[in-house]
Participant: 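Got a structure for you, questions after.
In what follows, residues are counted from 1 in the order of the sequence shown. Values in this document were obtained by computation on a predicted structure and should not be read as measured data. Read the numbers this way: they start at 1 and go in the same order the structure lists the ligands and their atoms. The basis for the numbers below is simple: all heavy atoms, side chains too, and nothing from hydrogens, waters or symmetry mates.
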Amino acid sequence: MSAASAVSPAVRPQSVPLYDLSRQRERMAAGIEARVSAVLKHGQFILGPEVAELEGRLAEYCGASHAIGVSSGRDALTMALMAMGVGEGDAVFVPGFTFSASAASIAPLGAVPVFVDVDERSFNLDPAAFEAAIAEVNAAGRLRPAAVMPVDLYGRPADYPAISAIAARHGVAVLADAAQSFGGALGNQQVGAMAPITATSFYPTKPLGAYGDGGAIFTQDDSLAEAVLQIRTHGRQGSGDEALRIGMTGRLDTIQAAVLLEKLDSFAWEIARRREIAAAYDEGLRDLVETPLMDGASSAWALYTIRVPERDRVRDALQAAGVGSGLFYRVPLHRHPAFVNWVPEGLSLPVSERLADEVLSLPIHADLNEDEVAYVIEQVRAAVA
Ligand SMILES: Cc1ncc(COP(=O)(O)O)c(C=O)c1O
């Protein structure tokens, strides 16, 4: 595809929404309906055979020893932290620029989210800021630096090699928030296998999306996997009578697993198609706006996010031209009212604050056609110029 190619007037798109799941649904309708109706027939709506089948396929896809289907991405994070034994008196380092659920998964356990600034170009946790934050927590002496939660923002894996090395030096555990990045990779390591424990989301607009809420936890560690399996079913071991620990209603529905199994068949193709579109946007926009820098990382392209000054004016112009866009995120975490009790007075995270004013996400799903991609490029250029 030539990104610079003009949009032919005959096929000029009327509108290009940020998300459009209807085309994918049409493409997969027969397969999804067959899968769902099989569940309706066998009637095992909770932990039916499709859940185990999906878990096997997900583990194989990413190279994790264990994949465990759970109720949502946010629950996946909380259950992983519970399995890791994180609780009262523990500090969990989390980027200041992410979805609120990353930090919301920490606080109910009695642990304290410690907000850390992100890297200007990757949008992900800044390893140097993380190490400085560990030193501050140690100096204050109130909390134990227990865990770090790098977030793979927009689908691009965080700098796990650097973060894991720092974490190991300080005895801090690593939990990957890969809600947006299943399908991404660093070198030959897939998301799901690059941290000791990883949480992802199957929210409908995620790269691998269900038709409702869902998520998964990946780990290489047998004892963490056993703990997560107990936590997901009220703390019970299998169908045992006793609660061995405090658990949750954390299971993935069988119907969601059936939908995901069907979608998994074309997932690798969809990721490849998202990559083609990202490459076209790079080529068509990089001389004019700041396009995402991959530096060897391979994104799942949940979102394609540019940085533009006058972001709100550009967004309005795109909207007037029928091009959907998104603001992920307009408010950095340390400015959310919900987290006020955990934000030290005067905390400033300058990069997170700047990004919140400048980021703009463009449409990037696998069913966009070439004319729509060219149209988005044309309209962004017109809006920015
Ligand atoms: C970075 C991040 N973490 C956690 C979540 C929570 O996932 P869910 O909506 O499946 O609970 C999301 C979902 O949007 C997310 O983007």
Participant: Taking the side chain from Ser266 and the backbone from Trp269, do they hold a donor-acceptor pair closer than 3.5 Å?
Facilitator: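 Pair absent, no side-chain N/O of Ser266 close to backbone of Trp269.
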Participant: Nearest heavy atom to atom 3 (N) of ligand 1: which of Leu153, Thr98, Asp213, Asp177 does it belong to?
Facilitator: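 It is Asp177 that holds the nearest heavy atom.
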Participant: In terms of atom number and element, which parts of ligand 1 are under 4.0 angstrom from non-hydrogen atoms of Ser201?
Facilitator: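 Reading through ligand 1 atom by atom, the close ones are 7 (O), 8 (P), 10 (O).
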Participant: For Ser102, take its heavy atoms, then give the atoms of ligand 1 lying under 4.0 Å from any of them.
Facilitator: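 Checking each atom against Ser102, I get 1 (C), 3 (N).
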Participant: Should we say atom CZ of Arg245 is surrounded by more than 12 heavy atoms from elsewhere, each under 6.0 Å from it?
Facilitator: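 Counting neighbours around CZ of Arg245, more than 12 heavy atoms of other residues, nucleotides or ligands fall under 6.0 Å, so yes.
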Participant: Identify the protein heavy atom lying closest to atom 8 (P) of ligand 1, giving its residue, its atom name and the separation to 0.1 Å.
Facilitator: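 Ranked first by proximity to atom 8 (P) of ligand 1 is Gly73 N, 3.5 Å.
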Participant: Would you tell me whether Arg275 and Ser298 have side-chain atoms, one donor and one acceptor, within less than 3.5 Å of each other?
Facilitator: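 Indeed, the side chains of Arg275 and Ser298 share at least one donor-acceptor pair under 3.5 Å.
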Participant: Does Lys206, backbone or side chain, put an N or O under 3.5 Å from an N or O of ligand 1?
Facilitator: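 Yes.
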Participant: Answer yes or no: does atom OH of Tyr203 have more than 12 heavy-atom neighbours from other residues, nucleotides or ligands under 6.0 Å?
Facilitator: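 At most 12 heavy atoms, drawn from other residues, nucleotides or ligands, come within 6.0 Å of this atom.
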Participant: In ligand 1, which numbered atoms sit nearer than 4.0 Å to a non-hydrogen atom of Arg74?
Facilitator: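 Answer, ordered by atom number: 6 (C), 7 (O), 8 (P), 11 (O).
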Participant: Any idea which atoms of ligand 1 are less than 4.0 Å away from a heavy-atom of Val151?
Facilitator: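 Counting from 1, the qualifying ligand atoms are 1 (C).
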Participant: Any donor and acceptor pair, going by atom type alone, linking the side chain of Arg313 with main-chain N or O of Ala383 inside 3.5 Å?
Facilitator: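 Confirmed, Arg313 side chain pairs with Ala383 backbone.
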Participant: Taking distance alone, with no angle check, do Tyr203 and ligand 1 share an N/O pair under 3.5 Å?
Facilitator: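 Among all N and O atoms of Tyr203, none is under 3.5 Å from an N or O of ligand 1.
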Participant: Just to verify, which of Leu18, Leu362, Val376 counts as forming a side-chain contact (heavy atoms from CB on, under 4.5 Å) with Leu318?
Facilitator: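 Only one option passes, and that is Leu362.
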Participant: Is any N or O atom of Leu77, backbone or side chain, closer than 3.5 Å to an N or O atom of ligand 1?
Facilitator: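 It does not: no N or O of Leu77 is found under 3.5 Å from an N or O of ligand 1.
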Participant: Side chain, backbone, both or neither: which part of Gln180 has a heavy atom under 4.0 Å from ligand 1?
Facilitator: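 Side chain only.
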Participant: Does the distance from a Lys or Arg side-chain N to an Asp or Glu carboxylate O, for Glu33 and Arg25, drop under 4.0 Å?
Facilitator: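 A salt bridge links Glu33 with Arg25.
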Participant: Assess whether salt bridge (Lys or Arg N to Asp or Glu O under 4.0 Å) is satisfied between Glu370 and Arg273, documenting all intermediate values.
Facilitator: CA-CA 11 Å; Glu370 316 276 299; Arg273 177 69 190 131; 3.4 Å; yes
Participant: Which atoms from ligand 1 have a heavy atom of Ala101 less than 4.0 Å away?
Facilitator: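 Listed by number with element: 4 (C), 5 (C), 6 (C).
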Participant: For atom 15 (C) of ligand 1, which protein heavy atom lies nearest, and how many Å away is it?
Facilitator: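 It is Ala179 CB, 3.5 Å.
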